[in-house]
Amino acid sequence: MSTRAFIIEAARPLFDGGGEPRVAEIAAAAGVSRATFHRVLGSRQELLRELELEPGLDARQRVLAAAIELLAGTGLGGLSMDELAAAAGVSRAGLYRLFPGKPALFRELVRVYSPMEAIAATIERLGAEPPEVVMPEVARVVVREVAGRMGMVRALIFEVTGRSPDAGEGLDFALSRGLGMMLSYIGRQTAAGRLRPLHPVLALQAFVGPVLFHLITRGLVEERLGFDLPLEAAAGELAAAWVRAMRPPAAEEDVHER
């Protein structure tokens, strides 16, 4: 085995399970000097390329990036943890140290790739404000978070709505953070008389539906219909329309009287 191949094989286990070893640690594991490492491989980035690892990403990030790619092709039920470990460049044991199973993995995918955390942060920041302030901002935050990665979002939505047993923890997270906080906010605003009486679930569906449909069809309407309103502006307009439609009857009468 050549010195180059020996260093690469000695380095491989150091990256498993989230390891981010320095050159000195890699050289010590291979039993060579740092000078020899640099003479043979040139740089740590070259080693990462040889190991098919993406520079700058730790093991957890590599696993999540590989998982979202595999999820789109196989679905959560068909996802192989062994295949995922290989795709992410970690050992099977390292993968299970990070995520003990598919439910924990899917929960983290929802946390990282869905807009739930951003929605929750917006509600926490603006929760005392009226719907005409909060809902357009939520819509803008959502499109800002998911723009350019609708494929990932579609895969997550499919798994959650398909009621896969492995998706339960991800659904629980969505209901406890973004969606749950929106339901709570809508309920409080309805109780305060700022929104018309409507079950919060229906009100939330009426809000999410148009924004999601716009995201899904935006490329098509831009291409075929010449639609050129900026994404966040369009999301804000849709949310403002929802707020107008959700005004309580008394507020509507006040508007007409003016």
Side-chain angles (χ1 to χ4, degrees), residues 54 61 64-79 87 105-123 126 131-164 166-167 170-171 173-175 177-183 185-186 195 198-247:
E54 187 172 349
Q61 291 172 306
L64 293 176
I68 202 70
E69 291 293 328
L70 293 173
L71 193 68
T74 67
L76 194 57
L79 178 68
L105 171 67
F106 188 73
R107 181 190 185 281
E108 188 67 1
L109 288 172
V110 172
R111 189 188 72 81
V112 172
Y113 290 111
S114 82
M116 293 301 120
E117 286 283 22
I119 292 171
T122 302
I123 299 294
L126 299 176
E132 54 266 29
V133 173
V134 173
M135 301 307 281
E137 181 61 15
V138 168
R140 288 189 288 267
V141 163
V142 167
V143 299
R144 193 181 306 144
E145 286 289 311
V146 305
R149 57 185 192 187
M150 274 305 297
M152 299 179 187
V153 174
R154 286 193 194 98
L156 296 178
I157 291 173
F158 177 81
E159 295 298 336
V160 168
T161 56
R163 300 175 68 181
S164 163
D166 291 324
L171 177 58
F173 173 80
L175 291 176
R177 289 295 287 166
L179 294 180
M181 293 184 70
M182 285 191 71
L183 286 170
Y185 174 80
I186 289 171
L195 296 174
L198 182 66
H199 195 291
V201 170
L202 292 177
L204 179 60
Q205 289 174 333
F207 175 80
V208 171
V211 176
L212 185 59
F213 185 72
H214 180 73
L215 281 166
I216 292 171
T217 62
R218 184 173 176 89
L220 177 64
V221 298
E222 284 179 334
E223 177 186 341
R224 295 298 183 90
L225 303 179
F227 184 84
D228 61 358
L229 188 64
L231 181 58
E232 290 189 31
E237 290 284 356
L238 289 170
W242 180 90
V243 171
R244 290 193 296 271
M246 286 294 295
R247 283 195 183 111

remark   = Residue set satisfying side chain to side chain donor-acceptor pair (under 3.5 Å) with Glu237, at least two apart, ordered chain then number -> none

message = Leu202: which residues meet the side chain to side chain contact (heavy atoms under 4.5 Å, CB included) condition with it, sequence neighbours left out?
response = Leu198, His199, Gln205

ask   = Under the side chain to side chain contact (heavy atoms under 4.5 Å, CB included) criterion, do Leu105 and Leu79 qualify, and how do the steps go?
value = CA-CA 11 Å; Leu105 171 67; Leu79 178 68; 3.7 Å; yes

task = Using the test ring pair (Phe, Tyr, Trp, His ring centres under 6.0 Å), find all partners of Phe207 that sit at least two apart in sequence or belong to another chain.
result = Trp242

query = Do Ile157 and Met150 have side-chain heavy atoms sitting under 4.5 Å apart?
reply = no

request  = For residues Val211 and Val138, determine if any side-chain heavy atom of one lies less than 4.5 Å from a side-chain heavy atom of the other.
outcome  = no

ask   = Do any pairs count as a salt bridge (charged side-chain N to carboxylate O under 4.0 Å, His left out) and have a residue in residues 205-215, sequence neighbours left out, and if so which ones?
value = none

note = Residue set satisfying side chain to side chain donor-acceptor pair (under 3.5 Å) with Glu117, at least two apart, ordered chain then number -> Arg177

message = If you apply the rule side chain to side chain contact (heavy atoms under 4.5 Å, CB included), what do you find for Met135 with Met182, and how did you get there?
response = CA-CA 9 Å; Met135 301 307 281; Met182 285 191 71; 3.7 Å; yes

ask   = With sequence neighbours left out, what residues match Glu132 under salt bridge (charged side-chain N to carboxylate O under 4.0 Å, His left out)?
value = none

inquiry  = Can you give me the closest heavy-atom contact between Pro200 and Leu183, atom names plus distance?
reply    = O-CD2, 3.5 Å

Under 3.5 Å donor-acceptor pairs involving side-chain atoms of residues 224-231, not counting sequence neighbours:
none

query = Do Tyr185 and Pro131 have side chains that get closer than 4.5 Å, going by heavy atoms?
reply = yes

inquiry  = If I take atom CD1 from residue Ile186 and atom CD1 from residue Ile123, how far apart are they, to the nearest 0.5 angstrom?
reply    = 8.0 Å

message = Under the rule for salt bridge (charged side-chain N to carboxylate O under 4.0 Å, His left out), what residues qualify as partners of Arg111, not counting sequence neighbours?
response = Glu108

ask   = So, for Ile119 and Gly178, which heavy atoms are closest and what is the spacing to 0.1 Å?
value = CG2-O, 3.7 Å

query = For Leu71, which residues count as a side chain to side chain contact (heavy atoms under 4.5 Å, CB included) partner, sequence neighbours excluded?
reply = Ile68, Leu76, Phe106, Leu109, Ala155, Leu156, Glu159

query = Taking all non-hydrogen atoms of both residues, which atom of Pro136 and which atom of Ala239 are closest, and how far apart?
reply = CA-CB, 3.4 Å

Under 3.5 Å, which donor-acceptor pairs link side chains of residues 139-147 to any protein atom two or more places apart or in another chain?
{"unit_1": "Arg140", "atom_1": "NE", "unit_2": "Glu137", "atom_2": "OE1", "d": "3.3"}
{"unit_1": "Arg140", "atom_1": "NH2", "unit_2": "Glu137", "atom_2": "OE1", "d": "3.1"}
{"unit_1": "Arg144", "atom_1": "NE", "unit_2": "Glu232", "atom_2": "OE2", "d": "3.0"}
{"unit_1": "Arg144", "atom_1": "NH2", "unit_2": "Glu232", "atom_2": "OE1", "d": "3.0"}

